[in-house]
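Below is one structure, written out as structure tokens, with a few remarks after it.
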There are 2 protein chains.
Amino acid sequence: MSLHPVAIQGRERESDLSSVFSLQPLERFAPGQPVFWEGDEARHIFEVGDGMLRALRMLADGRRIIVGFLRPGDLLGVSLRERYIYTVEAITPVELRRFSRWRFEDVVARQPHLREQLFSRLCDEMTAAQDQTVLLSRRSADEKLANFLLMMAQDRHGDRTPVIDLPMARLDIADYLGMTIETVSRTITKLASSGIIASPVKRSIIVLKMQALQSIAEGDDNDHWAAPVAFR
Amino acid sequence: MSLHPVAIQGRERESDLSSVFSLQPLERFAPGQPVFWEGDEARHIFEVGDGMLRALRMLADGRRIIVGFLRPGDLLGVSLRERYIYTVEAITPVELRRFSRWRFEDVVARQPHLREQLFSRLCDEMTAAQDQTVLLSRRSADEKLANFLLMMAQDRHGDRTPVIDLPMARLDIADYLGMTIETVSRTITKLASSGIIASPVKRSIIVLKMQALQSIAEGDDNDHWAAPVAFR
DNA sequence: CGGATTCTTGAGAGCTGTCAATCGTTGTGG
DNA sequence: CCACAACGATTGACAGCTCTCAAGAATCCG
């Protein structure tokens with residue numbers, strides 16, 4: 001007579017979603033390499049161990065829309081349907097663990113707390129999708145980019161670091177924000193020459209004036225641009 | 001020894017998510033009336049019985065972003081979190097059925113097929129959110145509006161009627177597509193004077209050339225605008 | 001080192017936003 | 001029933017932002 005299923009279920013018991021994947025072999029993907037394609041039969045779920053990936057959809061005429069960037073701890077293919085609804089490609093070298101979808105569903109179905117976690121993940125993904133909608137809607141290039149930088153500045157605990165890792169190309173940022181690479185480039189230059197950010201190293205950015213960046217992100221198109229490039 | 005839980009669970013058994021709501025009293029909302037606000041504690045789930053509603057989020061500076069329109073059969077508040085992530089307001093007179101969230105979760109937890117349905121609904125909502133992202137991203141006013149009309153032309157079985165009911169105001173359309181009411185108005189006028197659509201009655205539109213509308217929706221900025229207003 | 005790729009910068013055009021006036025509908029009160 | 005106010009929709013003129021096209025700079029990689 002056990003009140004604690006953990007005691008009798010043995011290996012069935014998993015403390016959280018991540019541990020479901022923990023025994024799976026590590027798979028490596030090189031930059032640019034696809035993990036799966038939009039429209040593929042959704043046979044597997046993946047957990048990102050290391051690296052960064054992009055999720056994207058293509059329009060008929062070839063326009064590319066990036067619907068999200070994936071980081072360690074994120075799950076790929078959670079929105080379980082017959083087929084994947086977007087393509088996922090590695091940006092940096094990536095390490096993934098794979099789990100077959102039917103086994104995953106089986107494991108999750110047996111364990112209420114895993115169901116809850118999965119449900120919660122799906123809600124997160126929903127919220128993220130909606131946040132991107134809000135980000136794209138009626139906002140200037142300045143606002144979009146500021147919001148993007150703030151988003152990338154968040155580590156996985158939600159804390160904000162001033163040092164931002166930007167492994168993706170300008171084209172990825174552009175296709176995520178719904179603008180052109182030229183405008184992305186110009187906007188970054190503008191932020192840098194205003195002293196709000198600095199980019200000492202390629203593919204990395206440091207936020208010098210977080211407050212100003214937040215103001216821009218929220219659409220306060222007032223000052224903040226006031227040049228701290230003084231004495232020149 | 002029953003292989004058919006339905007036989008022994010009695011009233012616990014529900015054939016689908018809708019039937020969970022079917023015994024709840026009908027609540028009516030007048031146009032403009034809010035059902036709940038973004039940030040409210042998420043105490044209830046709703047099913048739309050009749051009418052149309054808008055789901056919206058507000059930015060700090062007052063800009064309004066409509067993240068979706070809701071029609072009969074849709075559920076409100078499926079993305080169960082502590083608090084509602086958007087405000088929902090009636091556009092037309094609306095009839096809803098309400099279910100308390102904790103009872104809903106209880107009922108759903110007991111019945112695997114309801115869990116599946118709920119999960120599926122959430123996936124749908126996720127997909128819809130992402131579709132809106134795609135809709136907003138790097139597309140012209142013409143494309144956006146054509147896509148919007150095609151979306152509203154879909155009935156609940158996914159079939160396409162040429163007669164489109166548009167109970168929402170221009171401002172709602174504009175805030176959904178990320179444009180201004182002026183541009184929405186101009187674009188509709190342009191479509192009408194090209195003979196692609198007609199608007200015999202206020203708040204209703206008829207698609208005269210579905211093929212042309214689809215071409216515009218996909219970004220074929222070629223012809224299609226060629227005036228069939230011939231003989232003038 | 002040289003070619004390829006990515007990023008930056010510039011000039012000009014086009015689309016959409018802004019501001020403003022007019023039109024049409026709805027609803028209210030005399 | 002009509003006049004008028006209030007509101008939403010349409011249309012116009014103009015400006016500004018972002019896109020397009022193009023060239024040059026920087027970086028990557030063999």
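Just so you know, these numbers use all the heavy atoms, side chains as well, and skip hydrogens, waters and symmetry mates. Here is how names work: the chains are called A, B, and so on, in the same order as the sequence lines, proteins then strands, and each is numbered from 1.
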Whole-Å distance separating the CZ atom of A:Arg139 from the P atom of C:dG17
15 Å
Without decimals, in angstroms, what is the distance between A:Arg170 CZ and D:dA26 C1'?
12 Å
Working to the nearest 0.5 Å, report the span between CZ of B:Arg186 and CG of B:Leu191.
14.0 Å
Above 12 or not: heavy atoms from other molecules or residues under 6.0 Å from CZ of A:Arg43?
no
Expressed as a whole number of angstroms, how long is the span from B:Leu145:CG to D:dA9:P?
13 Å
If you only use heavy atoms from C-beta on, which nucleotide in D:dG12, D:dT18, C:dG10 is closest to the side chain of B:Glu182?
D:dG12
Would you kindly compare A:Arg138 and A:Arg203 by the position of their nearest DNA chain C nucleotide and give the one closer to the 5′ end?
A:Arg203
Rounded to the nearest 0.5 Å, what's the gap from CD on B:Gln211 to CD1 on B:Ile216? Could you check?
11.0 Å
OP1, OP2 of C:dT16 versus side-chain N and O of B:Thr183: anything below 4.0 Å?
no
In whole angstroms, the gap separating C1' of D:dC17 from CE of B:Met179 amounts to 17 Å
Without decimals, in angstroms, what is the distance between B:Ile188 CD1 and C:dT16 P?
14 Å
Want to settle it: does A:Val184 or B:Ile181 sit nearer the 5' end of DNA chain D, counting the closest nucleotide to each?
B:Ile181
Is the shortest side-chain N/O distance from B:Thr189 to OP1 or OP2 of D:dT11 below 4.0 Å?
yes
Just how far, in rounded Å, is P of D:dT18 from CG of A:Leu177?
12 Å
Send over the distance from B:Asp142 CG to C:dT16 P, rounded to a whole Å.
7 Å
Whole angstrom value for the distance that separates C1' of C:dA21 from CZ of B:Arg186
13 Å
Gap separating the CG atom of B:Leu53 from the OG1 atom of B:Thr87, nearest 0.5 angstrom:
12.0 Å
If you find the nucleotide of DNA chain D closest to B:Leu171 and the one closest to A:Lys202, which residue's nucleotide is nearer the 5' end?
B:Leu171
Is it true that, when you exclude B:Arg160 itself, more than 12 heavy atoms of the residues, nucleotides or ligands shown sit nearer than 6.0 Å to its CZ?
yes
